[in-house]
Amino acid sequence: MRILVTGAAGFLGSHLCDRLLTDGHEVIGMDNFITGSPDNIAHLADNESFSFYKRDVSNYIFVPGKVDAILHFASPASPNPQSKAGYFNLPIQTMKAGALGTHNCLGIARRESSRFLLASTSEIYGDPEIHPQSESYPGNVDPIGERAVYDEAKRFAESLTMAYHRFHGVNTSIVRIFNTYGPRMDLEDGRALPNLLKQALLGQPLTVYGDGSQTRSFCFVDDLIDGIVRLLYSEEHFPVNIGNPIEMSILQFAEAINKIVGNKAGIVFEENSRSVRDPQRRQPDITRAREILGWEPKIDLEEGIRRTVPFFKQKLGLA
Ligand code: UDP
């Protein structure tokens, strides 16, 4: 296939390009580098099956030639208010990438009769009132809350995707991505794994926000990409959760990182650092992914962290 990936220079987008190229496809990457980095795709520069356009997907986009599939991954995604690359500090761009960007991609998919895959998110569930979250749960999002610029943009993107499917018959799919980690994460984006792993490797105490009782379920990037690619190759149109169902508190997560890395500096609690509406619990119900895609994660936290450490060490000048 000839496949367009928006957000190709991002953490997930770049891994997706690698996997699609490995599967023998021709890949067209697109990114405006607002949060992604040229470093993430530098290794593809000489790959004849890869081409790249520096574009903002929220403006009109044109891709010459046939496009068999489009994966729309372009968006800021970090919820951390301190991060320059987070959606708190890029609120309008975030809404435009989810709304106008999705519209532009769906326009190409309609014209080209492409398979379309939307990168959605567990954030569409907001601060969930049911646990774990299955795809049938409609979510708990405050439309004017501080996280809403991302959550509502993705919710709108899902609605638009289903409208193109139902009204225009476009071959669409939606993946709801839960917390993911691995090499090529932005060390400065303020999320839990980059912050905590960086601190652990530098021998510093790990900053746990609040009392650390809030939970997340962390998936290693290779597992996640495998789930996404299976969804792309399937004929499914309704949303599918992809993430690791092993839930743990952020405190347990921090303790595990310290143990794996051998950091003796312990943990400090930052009572007031949790963002407004930081979800208290999050865990994917992956029944649909298991049934429809035959997918479940294979890489445990210890193995995933070990595979992530060399990238972090290199970025920190410790390698
Ligand atoms: N968190 C933390 N310490 C940090 C960074 C994040 O305790 O240095 C917490 C944060 O408050 C949240 C969880 O870790 O409860 C996951 O945050 P992240 O920013 O990774 O993304 P989210 O899952 O909220 O989208």
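Just follow the structure's listing: the first ligand is 1, and inside any ligand the first atom is 1. Computed from heavy atoms alone, side chains included, the values below leave out hydrogens, waters and symmetry copies.
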Heavy-atom pairs closer than 4.0 Å: do any link ligand 1 to the side chain of [X], the backbone, both, or neither?
X	answer
Arg191	both
Arg216	side chain
Asn179	side chain
Arg147	side chain

Using a plain distance cutoff, I'd like to know if [X] has any nitrogen or oxygen under 3.5 Å from a nitrogen or oxygen of ligand 1.
X	value
Ala192	yes
Thr207	yes
Arg274	no
Asn195	yes

With heavy atoms of [X] as the reference, note each atom of ligand 1 found under 4.0 Å away.
X	value
Val208	7 (O)
Gly190	5 (C)
Asp278	10 (C), 11 (O), 12 (C), 15 (O), 24 (O)

Using a distance-only test with no angle check, is there a side-chain donor-acceptor pair under 3.5 angstrom linking [X] and [Y]?
X	Y	value
Asp23	Tyr233	yes
Gln280	Ser213	yes
Thr207	Gln199	yes

Just to confirm my output: which protein heavy-atom neighbour is closest to [atom], and how far is it?
atom	value
atom 21 (O) of ligand 1	Pro79 CG, 3.5 Å
atom 13 (C) of ligand 1	Ile250 CD1, 3.5 Å
atom 9 (C) of ligand 1	Gln214 NE2, 3.9 Å
atom 7 (O) of ligand 1	Tyr209 N, 2.7 Å

Within the 4.5 Å heavy-atom criterion, are [X] and [Y] side-chain neighbours or not?
X	Y	answer
Tyr181	Leu301	yes
Pro297	Pro245	yes
Phe116	Thr161	yes

Under 4.0 angstrom from ligand 1, any heavy atom of [X]?
X	result
Ser275	no
Glu123	yes
Met185	no
Asn80	no
Arg282	yes

Salt bridge flag under 4.0 Å for residues Glu247 and Arg281: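 Result for this pair is yes, salt bridge flagged.
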
When you check the gap from the basic side-chain N to the acidic O, do Arg19 and Asp226 get nearer than 4.0 Å?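 Yes, this pair counts.
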
What's the shortest heavy-atom distance between Asp142 and Ala148, and which atoms?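 Scanning both residues, the minimum pair turns out to be O-CB, 3.3 Å.
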
From Ile61, Ile70, Val57, residue fulfilling side chain to side chain contact (heavy atoms under 4.5 Å, CB included) relative to Asn104: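 By the side chain to side chain contact (heavy atoms under 4.5 Å, CB included) criterion, Asn104 pairs with just one of Ile61, Ile70, Val57: Ile61.
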
Test applied, side chain to side chain contact (heavy atoms under 4.5 Å, CB included); reference residue, Val175; option that passes from Leu117, Leu118, Leu71: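 Exactly one option meets the side chain to side chain contact (heavy atoms under 4.5 Å, CB included) with Val175, and it is Leu117.
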
Report, as yes or no, whether the 6.0 Å neighbourhood of atom CG on Leu202 holds more than 12 heavy atoms from other residues, nucleotides or ligands.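 Yes, CG of Leu202 has more than 12 neighbouring heavy atoms, counting only those of other groups under 6.0 Å.
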
